[in-house]
Protein chains: 2
Amino acid sequence: MADSRVSRTPDGSGSASPAPAVTRAAAVLEALASSATGRLTLSDLARELGIPKSSTSNLLLALEEARLINRQGAEFTLGRKLVELGAAYLSRLDEVQEFYRFCEQAPTLSGETVRIAMLDGTNVIYLARYEGHPAVRLTSNIGDKMPVSLCAVGKALIARLHDHDVAEMFPDDAQLPVLTPKSLRTGAELKAQLAVIREQGYAFEDEESTTGVVCLAVSVPTRGAHGPSLGLSVTALKATYSEEQGALMVKELKELARSLGNPMG
Amino acid sequence: MADSRVSRTPDGSGSASPAPAVTRAAAVLEALASSATGRLTLSDLARELGIPKSSTSNLLLALEEARLINRQGAEFTLGRKLVELGAAYLSRLDEVQEFYRFCEQAPTLSGETVRIAMLDGTNVIYLARYEGHPAVRLTSNIGDKMPVSLCAVGKALIARLHDHDVAEMFPDDAQLPVLTPKSLRTGAELKAQLAVIREQGYAFEDEESTTGVVCLAVSVPTRGAHGPSLGLSVTALKATYSEEQGALMVKELKELARSLGNPMG
DNA sequence: GGTTAGTGTTCAACTGACTGAACAGCTCCG
DNA sequence: CGGAGCTGTTCAGTCAGTTGAACACTAACC
């Protein structure tokens with residue numbers, strides 16, 4: 001919602017893009033993705049991104065030709081090709097395939113709702129979901145984002161970062177997004193939890209994103225030099241959750257994390 | 001793997017793109033998505049797309065900045081942002097949300113493996129999957145593509161098209177892709193089936209893509225002027241499949257299709 | 001009806017992105 | 001060692017994509 005102009009020469013912070021048209025096209029896609037209804041007109045986009053209408057028209061024509069967006073009368077929406085490309089990305093992440101295989105034959109996890117997620121700035125993106133048990137139906141879908149401070153996976157993932165990186169993302173007095181009365185409020189609160197997480201080797205979320213729901217999560221040791229940071233989580237109903245069950249799930253999550261982190265599954 | 005050059009002035013067939021850089025960037029993404037390993041170097045891409053290396057370098061820089069691709073040393077892969085964008089596309093398709101809701105409370109379908117798919121040229125793209133029953137675990141994932149001639153949804157979807165459109169996509173002597181001994185071989189065979197599908201109102205697939213597996217599918221009446229063509233399918237094991245069960249599933253599929261086609265769910 | 005505010009489209013001038021050859025770094029192999 | 005073959009990067013000239021004002025259109029409003 002902040003002003004997100006994409007002008008030719010932004011200011012002086014960074015050098016101009018080596019292919020402005022591409023950068024601008026990406027901005028168009030993001031604007032469509034983050035808009036409330038997912039439908040914007042040419043003028044909407046031109047205004048929001050600070051691009052001349054005539055240029056925007058050209059961008060949209062090219063994007064439409066590539067099926068990256070659809071035009072419905074005067075309104076533009078994201079295109080189906082994005083589903084293909086997103087799927088292609090996921091299918092190349094061997095970790096996702098391994099994740100499904102492991103969940104299916106794990107004694108405890110096979111009956112639970114398990115997810116694999118990735119760190120993206122101060123958010124977590126869910127990459128895949130295994131649903132062994134229809135008791136907990138998640139409303140969140142693959143590709144959805146969630147602030148790190150609100151979920152166990154998020155906390156598990158940033159617990160792996162260096163302190164000064166965390167401090168940069170979350171100053172002590174930072175106001176964190178709040179979803180339930182138990183949500184963490186400040187960067188300081190978050191940092192206090194990280195110490196515990198590092199010690200016990202897993203993260204716990206106690207109704208911090210949804211009342212009545214608890215989560216356990218571990219992080220996956222990054223395989224390869226520049227692979228993404230992956231995390232695993234199990235979701236359970238607080239009403240039926242027990243410590244013994246939790247211990248079992250953590251044990252299997254750690255096992256899965258180890259196998260994902262190991263290049264030779 | 002046909003030659004897919006993206007030059008400034010393709011030939012004479014179509015006018016040049018109004019934003020070539022964007023068209024080329026899209027071609028880069030597609031090349032990465034359809035490559036065997038998903039990893040290509042700058043030179044690979046420049047060669048495959050017929051773009052000068054220096055230009056390709058600029059494109060890749062811009063794409064990387066937008067997180068649409070990742071660079072790992074000399075190799076480029078698709079970027080995580082694509083997962084986000086793909087998810088944003090799906091989350092805006094009200095049909096997908098409605099699909100999940102319906103499957104969960106349908107008497108028969110709630111225990112089956114149901115999918116919703118979309119027509120894309122001569123392929124079908126799977127948009128969402130409901131798994132009520134772990135008996136049939138599909139290897140295919142959301143976003144995967146499948147030739148229309150090989151699956152029930154595909155046949156159900158093109159049965160809705162006009163004859164001359166089908167004839168254009170599949171000439172009588174067209175060689176269709178083959179996965180099992182029962183796969184359809186020619187455009188003529190496909191067209192013969194369409195007549196049956198139109199009459200009975202649903203499509204049947206008898207081990208044409210996977211031996212031991214059968215599929216039932218119906219198409220969704222397109223809501224709105226320019227909405228995508230959606231189709232629904234149930235997958236079952238041939239060994240346990242019965243006609244009565246099939247009749248029940250078709251009944252519920254049609255119900256779901258009607259509710260999806262109706263703007264006021 | 002006329003006015004206003006909105007839409008998207010057109011077009012020629014001009015500025016900046018694209019080009020391609022030359023460069024620099026790397027691994028391999030005789 | 002030295003050359004061949006590969007990588008990606010640099011840079012100045014030029015050609016084409018971008019620009020913004022003017023246009024055409026529809027819808028809403030006195």
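Per chain, numbering begins at 1; letters A, B, ... match sequence-line order.
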Report summary line: Of all heavy-atom pairs linking B:Tyr89 and A:Asn70, the shortest is CE1-ND2, 4.2 Å
Query raised in the report: Hey, does the side chain of A:Lys155 reach the backbone of A:Ala217 with a donor-acceptor pair shorter than 3.5 angstrom?
Result: no
Query raised in the report: Are any side-chain N or O atoms of B:Arg80 and backbone N or O atoms of A:Leu119, one a donor and one an acceptor, separated by less than 3.5 Å?
Result: yes
Measure [atom1]/[X] against [atom2]/[N] and give the value in whole Å, please.
X       : N      : atom1 : atom2 : value
B:Leu49 : C:dC18 : CG    : C1'   : 16 Å
A:Leu59 : D:dG17 : CG    : P     : 13 Å
B:Arg24 : C:dA17 : CZ    : P     : 14 Å
B:Ile51 : C:dG20 : CD1   : C1'   : 15 Å

Query - More than 12 heavy atoms of other groups within 6.0 Å of A:Arg67 CZ - result: no
Query - Heavy atoms of other groups near B:His164 NE2, more than 12 under 6.0 Å - result: yes
Each nucleotide N or O in nucleotides 24-26 of chain C that has a protein N or O under 3.5 Å away: list the pair and distance.
none

Query raised in the report: A:Ser259 versus A:Glu98: any side-chain heavy-atom pair under 4.5 Å?
Result: yes
Query raised in the report: Are any non-hydrogen side-chain atoms of B:Glu84 and A:Glu30 less than 4.5 angstrom apart?
Result: no
Query raised in the report: Between A:Arg47 and C:dG6, is there a side-chain N or O to OP1/OP2 distance below 4.0 Å?
Result: no
Query raised in the report: Base, backbone or nothing for each nucleotide of nucleotides 8-13 of chain D, written B, S, -, heavy atoms under 4.0 angstrom, 5' to 3'?
Result: BSB---
Requested in this report: Go through the steps to decide whether B:Leu29 and B:Leu78 satisfy the test side-chain contact (heavy atoms from CB on, under 4.5 Å), and finish with yes or no.
Outcome: CA-CA 7 Å; B:Leu29 294 179; B:Leu78 294 176; 4.1 Å; yes
